[in-house]
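The chain is numbered in sequence order, starting from 1.
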Amino acid sequence: MKSEFLNILEARGFIHQATNLGGLDAYLAKTPDARAYIGFDCTAPTLHVGSLVQIMMLRHFQKCGHQPIVLMGGGTTRVGDPSGKTESRKLLSPEDIKQNIKGIEKNFINLLNVSKQRQHIYLNNDGWLKDLNYINFLRDVGRHFTINKMLTMDSVKLRLEREQPLTFLEFNYMILQAYDFVKLFEDEGCRIQLGGSDQWGNIVNGIDLGRRMLGAELFGLTSPLITTSDGEKMGKTAKGAVWLSSDQLSDYDYWQFWRNAQDEDVGRFLRLFTDIPLDEIAKLEALEGQELNEAKKVLANEATALCRGKAAASKAAETARKTFEEGTSGADLPTVMINKSTLDAGVSILVLFVFAKLCTSKKEARRLIQQGGARLNDGIISDENLLVNTAMLGPNNALKLSAGKKRHALVKRR
(Lines give C-alpha, C1' and ligand atoms only; values in the text may rest on other atoms or scores of the structure.)
Protein backbone atom coordinates (compact mmCIF):
# COMPACT_ATOMS: atom_id res chain seq x y z
CA MET A 1 0.00 0.00 0.00
CA LYS A 2 1.05 3.61 -0.52
CA SER A 3 0.23 5.06 2.89
CA GLU A 4 2.59 4.61 5.84
CA PHE A 5 -0.31 4.22 8.28
CA LEU A 6 -1.97 1.30 6.51
CA ASN A 7 1.36 -0.43 5.95
CA ILE A 8 2.04 -0.26 9.69
CA LEU A 9 -1.44 -1.53 10.56
CA GLU A 10 -1.20 -4.41 8.10
CA ALA A 11 2.26 -5.47 9.28
CA ARG A 12 1.25 -5.39 12.95
CA GLY A 13 -2.08 -7.21 12.56
CA PHE A 14 -4.56 -4.39 13.16
CA ILE A 15 -6.72 -4.69 10.04
CA HIS A 16 -9.91 -6.74 10.14
CA GLN A 17 -12.33 -5.06 7.72
CA ALA A 18 -12.35 -1.91 5.62
CA THR A 19 -15.14 -0.37 3.58
CA ASN A 20 -12.83 0.68 0.73
CA LEU A 21 -9.22 -0.14 1.55
CA GLY A 22 -7.88 0.98 -1.83
CA GLY A 23 -9.73 4.30 -1.65
CA LEU A 24 -8.60 4.86 1.94
CA ASP A 25 -5.00 4.11 0.98
CA ALA A 26 -5.12 6.64 -1.88
CA TYR A 27 -6.74 9.27 0.35
CA LEU A 28 -4.12 8.89 3.09
CA ALA A 29 -1.26 8.93 0.60
CA LYS A 30 -2.32 12.35 -0.72
CA THR A 31 -3.57 13.83 2.59
CA PRO A 32 -0.72 14.28 5.12
CA ASP A 33 -3.02 15.79 7.76
CA ALA A 34 -6.00 13.44 7.46
CA ARG A 35 -8.34 13.06 10.43
CA ALA A 36 -9.74 9.86 11.93
CA TYR A 37 -11.86 9.27 14.98
CA ILE A 38 -12.92 6.57 17.39
CA GLY A 39 -15.95 6.95 19.64
CA PHE A 40 -15.92 5.82 23.26
CA ASP A 41 -19.13 5.58 25.27
CA CYS A 42 -18.54 6.69 28.84
CA THR A 43 -20.11 3.89 30.87
CA ALA A 44 -17.21 3.54 33.35
CA PRO A 45 -14.59 5.84 34.89
CA THR A 46 -11.88 4.27 32.75
CA LEU A 47 -11.42 2.14 29.65
CA HIS A 48 -10.01 -1.38 29.82
CA VAL A 49 -7.48 -3.35 27.78
CA GLY A 50 -10.22 -4.37 25.33
CA SER A 51 -10.15 -0.78 24.01
CA LEU A 52 -6.36 -0.64 23.75
CA VAL A 53 -6.18 -2.05 20.23
CA GLN A 54 -8.26 0.85 18.93
CA ILE A 55 -6.27 3.40 20.94
CA MET A 56 -3.05 2.02 19.48
CA MET A 57 -4.52 2.55 16.01
CA LEU A 58 -5.00 6.24 16.87
CA ARG A 59 -1.44 6.34 18.23
CA HIS A 60 0.00 5.01 14.96
CA PHE A 61 -2.24 7.41 13.03
CA GLN A 62 -0.82 10.35 14.96
CA LYS A 63 2.77 9.15 14.67
CA CYS A 64 2.29 9.11 10.88
CA GLY A 65 1.55 12.85 11.03
CA HIS A 66 -2.25 12.67 10.95
CA GLN A 67 -4.80 14.09 13.40
CA PRO A 68 -6.60 11.67 15.74
CA ILE A 69 -9.94 12.54 17.30
CA VAL A 70 -11.16 10.89 20.51
CA LEU A 71 -14.93 11.26 20.50
CA MET A 72 -16.40 11.03 23.96
CA GLY A 73 -19.95 9.69 23.80
CA GLY A 74 -21.46 12.08 26.31
CA GLY A 75 -24.69 12.03 24.31
CA THR A 76 -24.81 8.43 23.08
CA THR A 77 -23.96 7.09 26.55
CA ARG A 78 -27.35 8.41 27.63
CA VAL A 79 -28.88 5.97 25.11
CA GLY A 80 -26.61 2.92 25.34
CA ASP A 81 -25.03 0.88 22.55
CA PRO A 82 -26.89 -2.45 22.19
CA SER A 83 -24.02 -4.00 20.20
CA GLY A 84 -23.03 -7.31 21.75
CA LYS A 85 -25.35 -6.80 24.72
CA THR A 86 -28.11 -9.11 25.88
CA GLU A 87 -29.94 -6.47 27.90
CA SER A 88 -30.24 -2.71 28.19
CA ARG A 89 -27.37 -0.80 29.75
CA LYS A 90 -27.92 0.92 33.06
CA LEU A 91 -28.87 4.54 32.41
CA LEU A 92 -26.35 6.97 33.91
CA SER A 93 -27.00 10.49 35.14
CA PRO A 94 -25.39 13.44 33.30
CA GLU A 95 -23.16 13.96 36.35
CA ASP A 96 -21.92 10.36 36.27
CA ILE A 97 -21.19 10.65 32.55
CA LYS A 98 -19.18 13.85 33.06
CA GLN A 99 -17.10 12.18 35.76
CA ASN A 100 -16.51 9.15 33.55
CA ILE A 101 -15.34 11.41 30.71
CA LYS A 102 -12.77 13.03 32.99
CA GLY A 103 -11.47 9.61 33.96
CA ILE A 104 -11.34 8.28 30.40
CA GLU A 105 -9.43 11.30 29.12
CA LYS A 106 -6.63 10.38 31.54
CA ASN A 107 -6.22 7.06 29.71
CA PHE A 108 -4.81 8.89 26.68
CA ILE A 109 -2.23 11.08 28.42
CA ASN A 110 0.70 8.74 27.72
CA LEU A 111 -0.67 7.10 24.58
CA LEU A 112 -1.37 10.21 22.50
CA ASN A 113 0.38 13.55 22.13
CA VAL A 114 -2.18 15.83 23.73
CA SER A 115 -0.01 18.94 23.85
CA LYS A 116 -1.57 22.36 23.22
CA GLN A 117 -0.26 22.30 19.65
CA ARG A 118 -2.61 19.39 18.96
CA GLN A 119 -6.15 20.72 18.90
CA HIS A 120 -9.41 18.81 18.67
CA ILE A 121 -8.04 15.64 20.26
CA TYR A 122 -11.11 15.39 22.49
CA LEU A 123 -14.65 16.08 21.33
CA ASN A 124 -17.97 15.23 22.97
CA ASN A 125 -21.04 14.29 20.92
CA ASP A 126 -23.28 15.66 23.65
CA GLY A 127 -22.45 19.05 22.15
CA TRP A 128 -24.56 18.38 19.06
CA LEU A 129 -26.93 15.66 20.27
CA LYS A 130 -28.41 17.25 23.39
CA ASP A 131 -30.18 20.10 21.57
CA LEU A 132 -31.44 18.22 18.51
CA ASN A 133 -34.93 19.13 17.38
CA TYR A 134 -36.66 15.76 17.26
CA ILE A 135 -38.97 16.49 14.31
CA ASN A 136 -36.19 18.07 12.25
CA PHE A 137 -33.85 15.20 13.07
CA LEU A 138 -36.41 12.64 11.92
CA ARG A 139 -36.97 14.54 8.67
CA ASP A 140 -33.30 15.25 7.91
CA VAL A 141 -31.65 12.06 9.19
CA GLY A 142 -34.27 9.45 10.06
CA ARG A 143 -35.67 9.31 6.54
CA HIS A 144 -32.40 7.81 5.30
CA PHE A 145 -32.85 4.71 7.48
CA THR A 146 -35.28 1.92 6.71
CA ILE A 147 -36.67 -0.38 9.38
CA ASN A 148 -35.94 -3.25 6.99
CA LYS A 149 -32.20 -2.56 7.07
CA MET A 150 -32.08 -1.70 10.76
CA LEU A 151 -33.58 -5.09 11.61
CA THR A 152 -30.68 -6.81 9.80
CA MET A 153 -28.06 -5.22 12.05
CA ASP A 154 -26.45 -7.72 14.45
CA SER A 155 -27.12 -5.48 17.47
CA VAL A 156 -30.85 -5.72 16.71
CA LYS A 157 -31.14 -9.11 15.02
CA LEU A 158 -29.45 -11.08 17.81
CA ARG A 159 -31.68 -9.57 20.50
CA LEU A 160 -34.81 -10.38 18.51
CA GLU A 161 -33.68 -13.92 17.68
CA ARG A 162 -33.08 -14.59 21.38
CA GLU A 163 -36.40 -12.97 22.26
CA GLN A 164 -34.59 -10.46 24.46
CA PRO A 165 -36.17 -7.02 24.77
CA LEU A 166 -34.73 -4.13 22.76
CA THR A 167 -36.03 -0.71 23.76
CA PHE A 168 -36.92 1.99 21.27
CA LEU A 169 -34.24 4.08 22.99
CA GLU A 170 -31.52 1.56 22.06
CA PHE A 171 -33.01 1.10 18.58
CA ASN A 172 -32.12 4.75 17.91
CA TYR A 173 -28.47 4.30 18.83
CA MET A 174 -27.28 3.37 15.35
CA ILE A 175 -28.88 6.51 13.90
CA LEU A 176 -27.18 8.75 16.46
CA GLN A 177 -23.77 7.17 15.91
CA ALA A 178 -24.14 7.48 12.15
CA TYR A 179 -25.02 11.14 12.64
CA ASP A 180 -21.79 11.59 14.65
CA PHE A 181 -19.76 10.66 11.57
CA VAL A 182 -21.65 13.17 9.43
CA LYS A 183 -21.14 15.94 12.02
CA LEU A 184 -17.43 15.22 12.32
CA PHE A 185 -17.08 15.40 8.54
CA GLU A 186 -18.99 18.67 8.39
CA ASP A 187 -17.29 20.34 11.36
CA GLU A 188 -13.81 18.79 11.39
CA GLY A 189 -13.25 17.45 7.89
CA CYS A 190 -12.94 13.94 9.34
CA ARG A 191 -13.40 11.24 6.70
CA ILE A 192 -12.24 8.15 8.64
CA GLN A 193 -13.81 6.18 11.47
CA LEU A 194 -11.80 3.47 13.20
CA GLY A 195 -13.19 0.94 15.66
CA GLY A 196 -13.40 -2.62 16.85
CA SER A 197 -15.02 -5.32 14.75
CA ASP A 198 -18.23 -5.10 16.82
CA GLN A 199 -18.73 -1.54 15.49
CA TRP A 200 -18.72 -2.52 11.81
CA GLY A 201 -22.48 -2.07 11.35
CA ASN A 202 -22.50 1.34 13.04
CA ILE A 203 -19.53 2.50 10.96
CA VAL A 204 -21.13 1.37 7.68
CA ASN A 205 -24.32 3.21 8.64
CA GLY A 206 -22.35 6.43 9.14
CA ILE A 207 -20.64 6.09 5.78
CA ASP A 208 -23.96 5.45 4.06
CA LEU A 209 -25.58 8.42 5.80
CA GLY A 210 -22.73 10.71 4.77
CA ARG A 211 -23.17 9.67 1.15
CA ARG A 212 -26.95 10.11 1.23
CA MET A 213 -27.04 13.43 3.07
CA LEU A 214 -23.90 15.15 1.76
CA GLY A 215 -22.57 13.08 -1.13
CA ALA A 216 -19.42 12.62 0.97
CA GLU A 217 -16.88 9.84 0.54
CA LEU A 218 -16.13 8.49 4.00
CA PHE A 219 -14.04 5.50 5.07
CA GLY A 220 -14.24 2.89 7.82
CA LEU A 221 -11.69 0.42 9.16
CA THR A 222 -12.01 -2.05 12.03
CA SER A 223 -9.56 -4.06 14.11
CA PRO A 224 -10.11 -7.74 14.93
CA LEU A 225 -11.57 -8.94 18.22
CA ILE A 226 -8.50 -9.84 20.24
CA THR A 227 -8.62 -13.13 22.09
CA THR A 228 -5.87 -15.01 23.86
CA SER A 229 -4.51 -18.23 22.36
CA ASP A 230 -6.93 -20.27 24.47
CA GLY A 231 -9.92 -18.35 23.09
CA GLU A 232 -10.55 -16.05 26.07
CA LYS A 233 -11.63 -12.47 25.40
CA MET A 234 -8.77 -10.01 25.78
CA GLY A 235 -8.71 -8.03 29.01
CA LYS A 236 -10.49 -10.45 31.32
CA THR A 237 -8.72 -12.14 34.25
CA ALA A 238 -9.67 -14.07 37.34
CA LYS A 239 -9.66 -10.74 39.17
CA GLY A 240 -11.92 -9.01 36.64
CA ALA A 241 -11.36 -6.46 33.89
CA VAL A 242 -7.87 -5.13 33.20
CA TRP A 243 -8.47 -1.39 33.55
CA LEU A 244 -6.18 1.18 31.93
CA SER A 245 -6.35 3.53 34.92
CA SER A 246 -4.20 3.03 38.01
CA ASP A 247 -7.21 4.22 40.05
CA GLN A 248 -8.96 0.96 39.16
CA LEU A 249 -6.01 -1.43 38.78
CA SER A 250 -2.55 -1.10 40.32
CA ASP A 251 0.51 -0.60 38.11
CA TYR A 252 1.87 -3.89 39.42
CA ASP A 253 -1.26 -5.85 38.45
CA TYR A 254 -1.27 -4.17 35.04
CA TRP A 255 2.39 -5.13 34.52
CA GLN A 256 1.67 -8.69 35.69
CA PHE A 257 -1.19 -9.03 33.21
CA TRP A 258 1.27 -8.64 30.34
CA ARG A 259 4.01 -10.66 32.06
CA ASN A 260 1.56 -13.57 32.36
CA ALA A 261 0.81 -13.65 28.62
CA GLN A 262 0.72 -17.14 27.17
CA ASP A 263 3.73 -18.17 25.10
CA GLU A 264 1.74 -18.25 21.86
CA ASP A 265 0.53 -14.66 22.37
CA VAL A 266 3.85 -12.91 23.00
CA GLY A 267 4.75 -11.99 19.41
CA ARG A 268 1.23 -10.88 18.54
CA PHE A 269 0.90 -8.77 21.67
CA LEU A 270 4.31 -7.15 21.07
CA ARG A 271 3.16 -6.11 17.60
CA LEU A 272 -0.21 -4.78 18.78
CA PHE A 273 0.59 -3.21 22.14
CA THR A 274 4.14 -1.85 21.86
CA ASP A 275 6.16 0.39 19.55
CA ILE A 276 9.05 -2.08 19.32
CA PRO A 277 10.32 -2.41 15.70
CA LEU A 278 9.16 -5.54 13.91
CA ASP A 279 12.65 -6.96 13.40
CA GLU A 280 13.27 -6.86 17.17
CA ILE A 281 9.90 -8.48 17.81
CA ALA A 282 10.82 -11.30 15.42
CA LYS A 283 13.90 -12.04 17.54
CA LEU A 284 11.96 -11.92 20.80
CA GLU A 285 9.17 -14.23 19.70
CA ALA A 286 11.71 -16.73 18.37
CA LEU A 287 12.99 -17.33 21.91
CA GLU A 288 12.07 -20.64 23.50
CA GLY A 289 11.76 -22.17 26.94
CA GLN A 290 12.88 -20.04 29.87
CA GLU A 291 14.35 -17.44 27.49
CA LEU A 292 10.82 -16.58 26.35
CA ASN A 293 10.21 -15.19 29.85
CA GLU A 294 12.61 -12.37 28.98
CA ALA A 295 10.40 -11.51 25.99
CA LYS A 296 7.39 -11.46 28.33
CA LYS A 297 9.20 -9.01 30.61
CA VAL A 298 9.92 -6.80 27.62
CA LEU A 299 6.22 -6.94 26.71
CA ALA A 300 5.20 -6.06 30.27
CA ASN A 301 7.71 -3.20 30.51
CA GLU A 302 6.85 -1.68 27.14
CA ALA A 303 3.06 -2.06 27.39
CA THR A 304 3.02 -0.64 30.93
CA ALA A 305 5.30 2.25 30.00
CA LEU A 306 3.03 3.22 27.10
CA CYS A 307 -0.11 3.27 29.22
CA ARG A 308 1.10 4.15 32.73
CA GLY A 309 4.46 5.82 32.07
CA LYS A 310 8.08 4.63 32.30
CA ALA A 311 8.34 5.25 36.04
CA ALA A 312 5.33 3.03 36.76
CA ALA A 313 6.71 0.29 34.52
CA SER A 314 10.13 0.36 36.19
CA LYS A 315 8.63 0.28 39.69
CA ALA A 316 6.32 -2.62 38.81
CA ALA A 317 9.19 -4.57 37.24
CA GLU A 318 11.34 -4.04 40.35
CA THR A 319 8.50 -5.16 42.63
CA ALA A 320 8.12 -8.32 40.54
CA ARG A 321 11.86 -8.96 40.66
CA LYS A 322 11.97 -8.65 44.44
CA THR A 323 8.87 -10.80 44.85
CA PHE A 324 9.85 -13.64 42.54
CA GLU A 325 13.65 -13.57 42.41
CA GLU A 326 14.53 -12.46 45.94
CA GLY A 327 11.46 -13.89 47.69
CA THR A 328 10.81 -10.67 49.60
CA SER A 329 7.37 -9.33 50.42
CA GLY A 330 7.48 -6.66 47.70
CA ALA A 331 6.35 -3.48 49.46
CA ASP A 332 4.76 -2.15 46.26
CA LEU A 333 2.45 -5.12 45.72
CA PRO A 334 -1.28 -4.33 45.51
CA THR A 335 -2.30 -3.45 49.05
CA VAL A 336 -5.57 -3.46 50.97
CA MET A 337 -6.07 -1.96 54.40
CA ILE A 338 -7.84 -3.70 57.28
CA ASN A 339 -8.95 -2.21 60.59
CA LYS A 340 -6.47 -2.82 63.42
CA SER A 341 -9.25 -4.00 65.75
CA THR A 342 -10.43 -6.57 63.19
CA LEU A 343 -6.96 -8.03 62.74
CA ASP A 344 -6.26 -7.99 66.47
CA ALA A 345 -9.40 -10.06 67.06
CA GLY A 346 -8.55 -12.48 64.25
CA VAL A 347 -10.06 -12.85 60.80
CA SER A 348 -10.82 -15.95 58.74
CA ILE A 349 -8.21 -16.74 56.08
CA LEU A 350 -11.10 -17.33 53.64
CA VAL A 351 -12.48 -13.86 54.29
CA LEU A 352 -9.01 -12.38 53.94
CA PHE A 353 -8.48 -13.85 50.46
CA VAL A 354 -11.82 -12.43 49.31
CA PHE A 355 -11.05 -9.09 50.98
CA ALA A 356 -7.71 -8.90 49.13
CA LYS A 357 -9.55 -9.69 45.84
CA LEU A 358 -7.45 -12.76 45.22
CA CYS A 359 -10.63 -14.87 45.29
CA THR A 360 -14.19 -13.97 44.38
CA SER A 361 -15.79 -16.05 47.16
CA LYS A 362 -14.99 -18.04 50.29
CA LYS A 363 -15.81 -21.18 48.33
CA GLU A 364 -13.11 -20.32 45.79
CA ALA A 365 -10.64 -19.53 48.61
CA ARG A 366 -11.39 -22.87 50.30
CA ARG A 367 -10.77 -24.71 47.01
CA LEU A 368 -7.49 -22.81 46.55
CA ILE A 369 -6.31 -23.93 50.00
CA GLN A 370 -7.37 -27.54 49.41
CA GLN A 371 -5.38 -27.58 46.15
CA GLY A 372 -2.27 -26.22 47.88
CA GLY A 373 -2.22 -22.96 45.97
CA ALA A 374 -2.76 -20.55 48.88
CA ARG A 375 0.13 -19.01 50.81
CA LEU A 376 0.48 -16.68 53.77
CA ASN A 377 3.85 -14.90 54.03
CA ASP A 378 5.16 -17.43 51.46
CA GLY A 379 4.16 -20.42 53.61
CA ILE A 380 1.60 -22.92 52.29
CA ILE A 381 -1.79 -22.70 54.03
CA SER A 382 -3.19 -26.12 54.90
CA ASP A 383 -5.92 -25.15 57.37
CA GLU A 384 -8.99 -23.57 55.76
CA ASN A 385 -10.26 -22.63 59.23
CA LEU A 386 -7.14 -20.60 60.04
CA LEU A 387 -7.70 -17.34 61.93
CA VAL A 388 -5.17 -14.67 60.99
CA ASN A 389 -4.18 -12.07 63.59
CA THR A 390 -1.68 -9.30 64.28
CA ALA A 391 0.96 -11.72 65.54
CA MET A 392 1.28 -13.14 62.03
CA LEU A 393 2.37 -9.85 60.43
CA GLY A 394 5.48 -10.31 58.31
CA PRO A 395 8.02 -7.94 56.70
CA ASN A 396 6.88 -4.34 56.20
CA ASN A 397 4.36 -4.95 58.99
CA ALA A 398 2.05 -6.62 56.47
CA LEU A 399 0.51 -9.96 55.58
CA LYS A 400 1.52 -11.29 52.17
CA LEU A 401 -1.18 -13.41 50.55
CA SER A 402 -0.50 -15.45 47.42
CA ALA A 403 -2.89 -17.28 45.11
CA GLY A 404 -0.71 -19.53 43.04
CA LYS A 405 2.71 -18.33 41.93
CA LYS A 406 1.70 -15.16 40.10
CA ARG A 407 -0.98 -13.37 42.11
CA HIS A 408 -0.07 -11.63 45.34
CA ALA A 409 -1.41 -8.92 47.65
CA LEU A 410 -0.44 -7.26 50.89
CA VAL A 411 -2.83 -6.72 53.80
CA LYS A 412 -1.85 -3.89 56.14
CA ARG A 413 -3.41 -2.52 59.31
CA ARG A 414 -5.16 0.80 59.15
Side-chain angles (χ1 to χ4, degrees), residues 15-28 30-31 34-41 54 66-69 71-84 120 123-160 166-223:
I15 299 178
H16 178 62
Q17 288 176 295
T19 55
N20 178 1
L21 192 59
L24 176 59
D25 185 39
Y27 171 70
L28 289 171
K30 68 181 182 182
T31 313
R35 295 185 173 187
Y37 87 97
I38 298 178
F40 298 92
D41 277 351
Q54 291 81 55
H66 302 301
Q67 173 68 63
I69 295 174
L71 181 64
M72 298 295 178
T76 43
T77 301
R78 297 168 69 177
V79 175
D81 184 0
S83 300
H120 308 299
L123 294 176
N124 186 344
N125 63 15
D126 192 54
W128 55 78
L129 295 181
K130 66 180 179 181
D131 294 324
L132 283 176
N133 180 293
Y134 187 58
I135 297 299
N136 290 345
F137 183 74
L138 289 178
R139 285 174 60 89
D140 297 340
V141 179
R143 66 190 179 90
H144 296 293
F145 289 79
T146 66
I147 295 296
N148 311 63
K149 184 177 180 180
M150 293 171 76
L151 290 174
T152 67
M153 295 293 153
D154 284 344
S155 59
V156 175
K157 184 171 65 175
L158 292 177
R159 284 270 195 100
L160 297 180
L166 178 75
T167 66
F168 181 69
L169 179 70
E170 296 171 285
F171 194 58
N172 279 271
Y173 184 91
M174 68 179 77
I175 302 178
L176 296 175
Q177 184 165 322
Y179 183 64
D180 283 345
F181 204 169
V182 171
K183 282 294 293 183
L184 287 174
F185 170 70
E186 286 185 307
D187 297 348
E188 305 292 336
C190 178
R191 291 182 178 269
I192 306 166
Q193 183 179 359
L194 307 174
S197 58
D198 63 327
Q199 293 300 310
W200 177 253
N202 289 327
I203 291 173
V204 169
N205 279 334
I207 291 171
D208 188 51
L209 183 63
R211 177 181 59 80
R212 290 173 180 273
M213 289 185 67
L214 306 172
E217 183 181 23
L218 306 178
F219 304 98
L221 186 147
T222 63
S223 59

Would you give the length of the straight line joining atom [atom1] of [X] to atom [atom2] of [Y], rounded to the nearest 0.5 angstrom?
{"X": "Met174", "Y": "Lys149", "atom1": "CE", "atom2": "NZ", "result": "10.0 Å"}
{"X": "Asp208", "Y": "Leu218", "atom1": "CG", "atom2": "CG", "result": "10.0 Å"}
{"X": "His144", "Y": "Leu209", "atom1": "NE2", "atom2": "CG", "result": "6.0 Å"}
{"X": "Tyr179", "Y": "Leu129", "atom1": "OH", "atom2": "CG", "result": "7.5 Å"}
{"X": "Phe171", "Y": "Phe145", "atom1": "CZ", "atom2": "CZ", "result": "10.5 Å"}
{"X": "Ile192", "Y": "Ile207", "atom1": "CD1", "atom2": "CD1", "result": "10.0 Å"}

Evaluation steps, side chain to side chain contact (heavy atoms under 4.5 Å, CB included), between Trp128 and Leu176: CA-CA 10 Å; Trp128 55 78; Leu176 296 175; over 6 Å; no

Are side-chain heavy atoms of Leu123 and Glu188 found at a separation under 4.5 Å? yes

Are Ile203 and Leu221 side-chain neighbours, meaning at least one heavy-atom pair lies under 4.5 Å?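 Of all side-chain heavy-atom pairs linking Leu221 with Ile203, none is under 4.5 Å.
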
Kindly say whether [Y] contributes a backbone atom to a donor-acceptor pair with the side chain of [X] at under 3.5 angstrom?
{"X": "Asn124", "Y": "Gly74", "value": "yes"}
{"X": "Arg143", "Y": "Arg139", "value": "yes"}
{"X": "Asn172", "Y": "Phe168", "value": "yes"}
{"X": "Arg191", "Y": "Phe219", "value": "no"}

Closest heavy-atom contact between [X] and [Y]?
{"X": "Leu151", "Y": "Lys157", "result": "O-CB, 3.6 Å"}
{"X": "Gln177", "Y": "Tyr37", "result": "O-OH, 4.2 Å"}
{"X": "Leu184", "Y": "Leu71", "result": "CD1-CD2, 4.1 Å"}
{"X": "Gly206", "Y": "Phe181", "result": "C-CD1, 3.9 Å"}
{"X": "Phe185", "Y": "Ala216", "result": "CE2-CB, 3.5 Å"}
{"X": "Cys190", "Y": "Ile69", "result": "CB-CD1, 4.2 Å"}

Under a 3.5 Å cutoff, is there a donor and acceptor pairing between the side chains of Gln199 and Thr222?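 Short answer, no.
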
SB check Asp180 Lys183 (cutoff 4.0 Å): no

Could you walk me through whether Gln54 and Ser223 pass side-chain hydrogen bond (donor to acceptor under 3.5 Å, both in side chains), step by step? CA-CA 7 Å; Gln54 291 81 55; Ser223 59; 2.8 Å; yes

Steps toward side chain to side chain contact (heavy atoms under 4.5 Å, CB included) verdict (Met150, Asn205): CA-CA 9 Å; Met150 293 171 76; Asn205 279 334; over 6 Å; no

